[in-house]
Amino acid sequence: MTSPARCRSLSCALLFAALALATLLCAGRASAQDISGALDQFTQGNYGATEAALGELAVSGSPAAAGIVQALADGKLVFSNALPRKVFIETDKGLLDPLTMQPVPDPGPVKPVRVNNRIRRAIEAASGTLSLTSPDAATRLSAAGAVLRTRDEAALPALEKALAKETDRHVKSAMTLARSAIVIGMDGVPPEERIKAIEVVGAEGNQDALAVLRGLPDNALPEVKEAAAKEIAGIQHSLAMWDVVQNVWYGLSLGSVLLLAAIGLAITFGVMGVINMAHGEMVMLGAYTTFVVQQAIRTYDPALFDASLIIAIPLAFLFTGLIGVIIERTVIRFLYGRPLETLLATWGISLILQQAIRTIFGPTNREVGAPSWMSGSFDIGQLSITYGRLWIIIFAMLVFAALLAVLRLTRIGLEMRAVTQNRRMAASMGIRTNWVDAMTFGLGSGIAGMAGVALSQIDNVSPNLGQGYIIDSFLVVVFGGVGNLWGTLVGAMSLGVANKLLEPYAGAVLGKIALLVIIILFIQKRPRGLFALKGRSIEA
């Protein structure tokens with residue numbers, strides 16, 4: 001037999017379990033009742049009620065709220081026509097109850113809950129509010145950004161609650177900014193708190209902060225308006241400085257492109273005295289080499305696509321270098337000492353190469369993809385840096401350093417420098433100047449081909465690609481000093497930065513014209529450029 005004490009213990013345990021189960025059931029019903037009013041508002045069919053329903057869902061704390069908001073965003077939230085109207089989530093498997101996510105009997109015809117731009121903003125605000133307590137820091141950061149964009153006052157209680165529990169420094173900073181943005185636009189906020197919020201937003205120093213501060217209510221106190229005006233002036237000054245830095249970065253990017261396009265021209269013009277109007281077509285051939293390499297990789301081994309540019313660089317160098325040697329041996333060698341005739345001959349060669357590319361590949365632009373490591377960007381303060389431009393600058397500097405090493409540390413480099421300074425003396429010392437000319441022309445053309453690989457990532461690959469860079473390349477070479485690599489580097493970067501700094505004030509066309517006038521006036525004073533080479537024949 002069971003003892004009385006054990007029976008009493010068992011009875012108490014059963015009673016406790018029954019109370020616990022009743023509590024859970026009541027809590028479930030309470031949760032359903034908490035958002036039942038919001039669900040009813042979705043069935044009214046007007047935007048005001050839908051917006052109010054979203055506001056209630058955002059602060060309800062119901063576990064079903066996020067799914068309902070997402071269903072509305074996806075256009076899958078519907079309600080029945082028959083009375084009493086009920087809300088459902090539409091799926092491929094039929095209609096589901098939004099609270100339990102269980103299938104429901106067919107209610108008959110249903111209508112979607114209508115959405116417009118106003119409701120989309122409310123959906124974004126509700127989603128942000130509901131995601132503020134997500135266990136994932138990235139989700140919370142995104143939610144804080146959503147609240148900042150919408151500045152919905154209804155999100156403030158949930159935001160403050162999440163802010164009190166937040167431990168991640170970056171997320172907490174974003175939440176603090178979002179809270180301050182809401183406080184600035186609220187009515188009935190004490191001036192001291194509003195001024196503090198203005199200072200928090202002003203410290204952000206970007207366009208979003210500027211928009212928030214400009215949204216200050218007209219009925220704000222004078223001291224609040226003064227604080228906002230002070231922060232606005234500070235942000236505008238800061239953004240103006242960052243704009244200058246951004247333009248300098250764009251100028252360095254353009255300068256690196258000009259350096260790649262001009263560096264090969266600098267050595268051929270300096271050593272051989274040939275005005276090579278086909279140099280731009282070497283750049284174009286390098287870009288088409290990249291296109292062919294990528295097409296082959298897409299066809300035979302797509303997994304190698306991220307390495308396509310690395311494969312294309314040496315192939316473009318060898319191919320365009322070989323074309324350059326052929327041009328020098330078949331045409332240029334017969335025209336030394338006649339610069340105008342070399343200009344006409346190389347111009348004719350450029351037309352032949354352009355037409356050949358049009359015949360083989362067609363006249364339209366060709367798509368050259370960017371590998372994953374050249375995609376995307378990152379920010380430093382208010383400065384936006386794209387990985388593509390950054391890698392092109394690095395590549396240009398590596399090519400420059402490699403060419404310097406070739407000229408300084410190899411026999412062919414020594415012979416090239418000797419021919420540059422005094423061709424007759426070099427020939428009398430046993431240097432085969434005709435062989436040096438061929439290798440120089442091939443080297444310059446090969447470097448132009450590598451420039452085409454880089455330019456394929458930022459410009460249209462077409463038969464006219466090289467024409468856009470040939471004039472600027474000559475300007476860089478003449479401005480920096482014919483045959484001087486350091487002068488080419490300084491000239492390319494100077495012209496690139498000057499061009500981008502002039503564009504905001506004079507426009508792209510007038511800025512380039514002004515830069516051309518400045519270079520012409522400079523050459524009048526220094527005909528041999530910034531860094532003139534020294535040698536008996538040169539000085540003569």
Side-chain angles (χ1 to χ4, degrees), residues 248-272 279 282-283 286-287 289-290 307 309-321 324 371 373-374 385-421 436 439-458 469 472-473 475-497 529-534:
V248 170
W249 166 254
Y250 288 150
L252 292 176
S253 301
L254 176 61
S256 67
V257 171
L258 294 178
L259 176 64
L260 284 172
I263 194 171
L265 187 64
I267 58 175
T268 56
F269 195 22
V271 173
M272 306 164 65
H279 187 76
M282 300 297 107
V283 175
T289 302
T290 310
L309 295 188
I310 298 174
I311 297 172
I313 287 172
L315 292 178
F317 177 81
L318 293 174
F319 176 64
T320 54
W373 47 273
M374 286 191 71
I385 297 177
T386 58
Y387 285 109
R389 290 282 184 175
L390 179 61
W391 280 114
I392 288 175
I393 290 177
I394 294 172
F395 178 64
M397 294 300 106
L398 290 176
V399 171
F400 180 79
L403 187 56
L404 274 181
V406 168
L407 293 178
R408 297 291 178 184
L409 304 177
T410 65
R411 178 178 178 83
I412 181 62
L414 177 63
E415 292 180 350
M416 286 170 58
R417 287 186 287 129
V419 172
T420 301
Q421 293 186 9
V436 171
M439 292 299 102
T440 301
F441 207 89
L443 178 62
S445 299
I447 294 173
M450 291 195 295
V453 177
L455 289 175
S456 69
Q457 298 300 300
I458 60 175
Y469 294 94
D472 288 337
S473 297
L475 283 178
V476 168
V477 172
V478 174
F479 177 65
V482 176
N484 191 306
L485 292 187
W486 287 105
T488 304
L489 173 64
V490 174
M493 293 304 173
S494 299
L495 293 181
V497 172
L530 285 172
F531 302 93
L533 286 177
K534 292 183 179 181

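Here the structure is a predicted model, which is why all the values come from computation and not from measurement. Hydrogens, waters and symmetry mates play no part in the numbers below; they use all other heavy atoms, side chains included. The residues of the chain are indexed from 1 along the displayed sequence.
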Return the CG to CD1 distance between L398 and I313, rounded to the nearest 0.5 Å. 9.5 Å
Looking at CZ of F317 and OG1 of T289, how far apart are the two atoms once the value is rounded to the nearest 0.5 Å? 13.0 Å
Do you know the tightest heavy-atom contact between A451 and A261? CB-N, 4.0 Å
Test side chain to side chain contact (heavy atoms under 4.5 Å, CB included) applied to Y469 and L260, step by step: CA-CA 10 Å; Y469 294 94; L260 284 172; over 6 Å; no
Value for CG (L252) from CH2 (W249), rounded to nearest 0.5 Å, stands at 7.0 Å
Side chains of L403 and L443: closer than 4.5 Å at any heavy-atom pair? yes
Checking side chain to side chain contact (heavy atoms under 4.5 Å, CB included) for the pair T440/E415: CA distance, chi angles, key distance, verdict? CA-CA 10 Å; T440 301; E415 292 180 350; over 6 Å; no
Ignoring hydrogens and angles, tell me if any N or O in the side chain of S256 forms a donor-acceptor pair with the backbone of S253 under 3.5 Å. yes
CG-CG distance between L407 and L485, expressed to the nearest 0.5 angstrom: 5.5 Å
Are the side chains of I447 and H279 in contact, using a 4.5 Å heavy-atom criterion? no
Any idea which heavy atoms bring G491 and F479 closest together, and the distance? CA-CD2, 3.6 Å
Nearest 0.5 angstrom please: F395 CZ to L309 CG, how far? 9.0 Å
For residues W486 and L404, determine if any side-chain heavy atom of one lies less than 4.5 Å from a side-chain heavy atom of the other. yes
CG-CE distance between L265 and M282, expressed to the nearest 0.5 angstrom: 12.0 Å
Check whether any side-chain heavy atom of V436 lies under 4.5 Å from a side-chain heavy atom of M439, and answer yes or no. no
Heavy-atom pair with the smallest gap, counting every atom of T290 and S456: CG2-OG, 3.8 Å
Among L495, T488, I392, side chain to side chain contact (heavy atoms under 4.5 Å, CB included) partner for L259: T488
Check whether W373 reaches the backbone of W391 with its side chain - one donor and one acceptor, N or O, closer than 3.5 Å. no
In terms of heavy-atom contacts, A492 and V476 come closest through N-CG1, 3.6 Å
Please test L489 against M397 for side chain to side chain contact (heavy atoms under 4.5 Å, CB included), starting from the C-alpha separation and ending with a verdict. CA-CA 9 Å; L489 173 64; M397 294 300 106; 3.7 Å; yes
